Amino acid sequence: MNGSKVLLDVENLQTTFRIRSGFGAAGVHKLKAVDGVSFQVRQGETFGLVGESGCGKTTVGRTILKLYQPTEGKIVYDGQDITQMDQKAFAPYRRKMQMIFQDPYTSLDPRQPVSEIIGAPLTLHKLVSNQAERNERVRELVHMVGLKDDHINRYPHEFSGGQRQRIGIARALALNPEFIVCDEPISALDVSIQAHIINILEDFQHRFNLTYLFISHDLSMVRHISHRVGVMYLGHLVEVAEVNDLYENMRHPYTVSLMSAAPIADPNVARNTKRVILQGDVPSPINPPSGCPFRTRCQYADEICAHVMPQLEEVSKGHIVACHHML
Amino acid sequence: MNERLLDVRSLRTNFLTGGGIVNAVRGINFHVDKGEFLGVAGESGCGKSVTMLSIMRLLPDTARVQSQGILFDGVDLQTQKMKYMRSIQGNKIGMIFQDPMTCLNPLYTIGNQLMEPLQIHKKLSRKEARKRAAEMLDLVGISNPERRLRQYPHEFSGGMRQRAMIAMAMSCDPKLLIADEPTTALDVTIQAQILDLMKNLKQKFDTSTALITHDLGVIASVCTRVIIMYGGLIMEQGYVEDIFYRPAHPYTIGLLKSVPSAGERTQEQLTPIPGTPPDLMNPPPGCPFAARCSVAMKICALAQPELHEVGDNHAAACWLNHPKASHMKGRLEV
């Protein structure tokens, strides 16, 4: 993975939402969902993004695909700055950058049969010249994700959750993309079905040299599928490293507590693991704490954490951490 | 320790629907011992929640519950009137539901909802109930309880709502606490807080707990005994070590293999279970797992094996290690 080129380069990405609560100008608040996030993803790599709900991981994924316009920062895809591109100029990139959504129940149009859900993008991007060609490609895609011919004319409500997620994957693959944002693709599924979806994703990565941004809160799945992992907290990236490096030599106190909170499906290991249980909830991103965002729940926090925002620094090759008291 | 608090005998629950009868629970026997932490695991639709709701008699009118006895604390709940059930719901049996947002009434304050069971079951006055409610909130780790009692559910975060639910369920000193996916809607860090809290409360009050979940990691970290359900039947039950280290049913093995093991990132692929769960409107005559089982035999499609002992307090429902099948040698590897 190290030799391949940088496909996606995100620099100081910020996404701010304006929120109204109450009347007039005083009621408008700014919510910094993503506050200065930088990372790179190489071709053929899976970059895992983990964190609690509300930490901004989904917003990062959506901003990269320009479903949200970033407030500041730069998104460079394959050497091309796409940050300020208008929709028309961005259209060819839409073909290369796809998304698999979290909820397979709401991300498929209930009024469209599978042939239309998968086929529409093909026509839209003029990848097929006639109906026969389109049908052939839809059939091929449906087979690729493990569904059958007679599924093609059915509607989403006729499928189970796992099958719907397969349709979502087929739709994302229809345009021969290079880069796919997988936004919690398995969290709505049963355990026995999750493994199917993960295997399909891994298989396609090998076959088509796909690059994934894999967003999830399931730390063991992230460990299984990712090459590198970034940990987010309250809009900030607090630690990034190679997957085994991160899971074995974690340096940020938040990473440590997040990892120790993850349930392990092994009773002896689970019983002997010392847990660092965080107190309280994630602070509101409308009114984030000064200095380090994690200081309100961190057992090592002191004076400096309240005043100075820690910067990301490289502690070993490819391992960056933002903390004043790294472990 | 081995005194039985709840003993359920051949429980069957059917739902009458427009399309036919759904056999959600198909004759299961199980028990909860005093002071134990029981885990009930299985995929969605396997009947784990319906089992608990049947016992509590909280199902809608379309449900038909039959059994040969639901003994709770020496009383057969099956024969009791609704009035008796009302008197133990939220009193001797506490329940925590999956989604705390939809289970708390948005129109009443937390205090109001916490005080209600205390006033009804424990016959406390308003003042006493308020005091006790504040103590309970404090116990589950909500700071500033007096002020919190006056707030509404929307002013609480997800984790705090679940804490409030636990406080409500624990407020009348229940003998049995049923927790139906209490942490599924929560983040891992909050999940760890809630599980830790449940473990502590269990130790403090010696409440028996039945935890329903689909997360094997949660089971491994808190439960002492486990029931694995599939297709409305119990596939395997036993102590947590037996289930995780010496699983005797191919379904349990499949479940364990479909989650990544804690350890190095490997190139090894996960082993998913092929196929989908059976349609409980037309359950198969044989083992419900036969169609997805890689070691299924002829008999598996014809008859469902009953649960039989495979070790000390360890039982499985599989023809492979059934006493009548004496040819099996070595351990089951699927």
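Below, chains carry the letters A, B, ... as their sequence lines are ordered, and counting in each starts from 1. Quantities reported herein were computed from a predicted structural model and do not represent experimental measurements.
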Checklist outcome for this item: Shortest non-hydrogen pair, A:R297 vs B:I190, comes out as NH2-CD1, 4.2 Å
Checklist entry - Relative to chain B, which of A:V282, A:I193, A:V191, A:I197 shows the most heavy atom pairs under 4.5 Å? => result A:V191
Item to check | Atom pair NE2 (A:H224) and CG (B:L270), whose distance is rounded to the nearest 0.5 Å | outcome: 3.5 Å
Checklist outcome for this item: Taking every heavy atom of A:A270 against every heavy atom of B:A220, the minimum-distance pair comes out as CB-O, 4.0 Å
Checklist entry - Considering only heavy atoms, which portion of A:I277 lies under 4.5 Å from any heavy atom of chain B: side chain, backbone, both, or neither? => result side chain
Checklist entry - In Å, rounded to the nearest 0.5 Å, how long is the span from CG of A:D266 to CG of B:L256? => result 9.5 Å
Item to check | Shortest non-hydrogen separation from B:P272 to A:A195 and the atoms involved | outcome: CB-CB, 3.6 Å
Item to check | Heavy-atom proximity to chain B below 4.5 Å, by part of A:Q194 | outcome: neither
Next on the checklist: Measuring only between side-chain heavy atoms, which start at C-beta, is B:V259 closer than 4.5 Å to A:S220?
Outcome noted: no
Checklist entry - Under 4.5 Å between any side-chain heavy atoms of A:R271 and B:V240, yes or no? => result yes
Item to check | Atom pair CD (B:Q191) and NE2 (A:H217), whose distance is rounded to the nearest 0.5 Å | outcome: 8.5 Å
Checklist entry - With a 4.5 angstrom heavy-atom cut-off, which part of A:N268 approaches chain B: side chain, backbone, both or neither? => result both
Item to check | Which residues share a ring-ring contact (aromatic ring centres under 6.0 Å, His included) with B:F97, sequence neighbours left out | outcome: none
Checklist entry - Taking the side chain as C-beta and beyond, is there a heavy-atom pair between A:L189 and B:E43 under 4.5 Å? => result no
Item to check | Check: A:R275 and B:D196 side chains under 4.5 Å, non-hydrogen atoms | outcome: no
Checklist entry - Is it the backbone or the side chain of A:L258 that comes under 4.5 Å from a heavy atom of chain B, or both, or neither? => result both
Next on the checklist: Less than 4.5 Å to any heavy atom of chain B: does that hold for the side chain of A:Q163, its backbone, both, or neither?
Outcome noted: neither
Checklist entry - What's the spacing between A:D190 CG and B:S258 OG if we round to 0.5 Å? => result 9.5 Å
Item to check | Top contributor to chain A contacts, counting heavy-atom pairs under 4.5 Å, from B:L216, B:T189, B:V218 | outcome: B:T189
Item to check | Close side-chain approach of B:I219 to A:P267, heavy-atom, < 4.5 Å | outcome: no
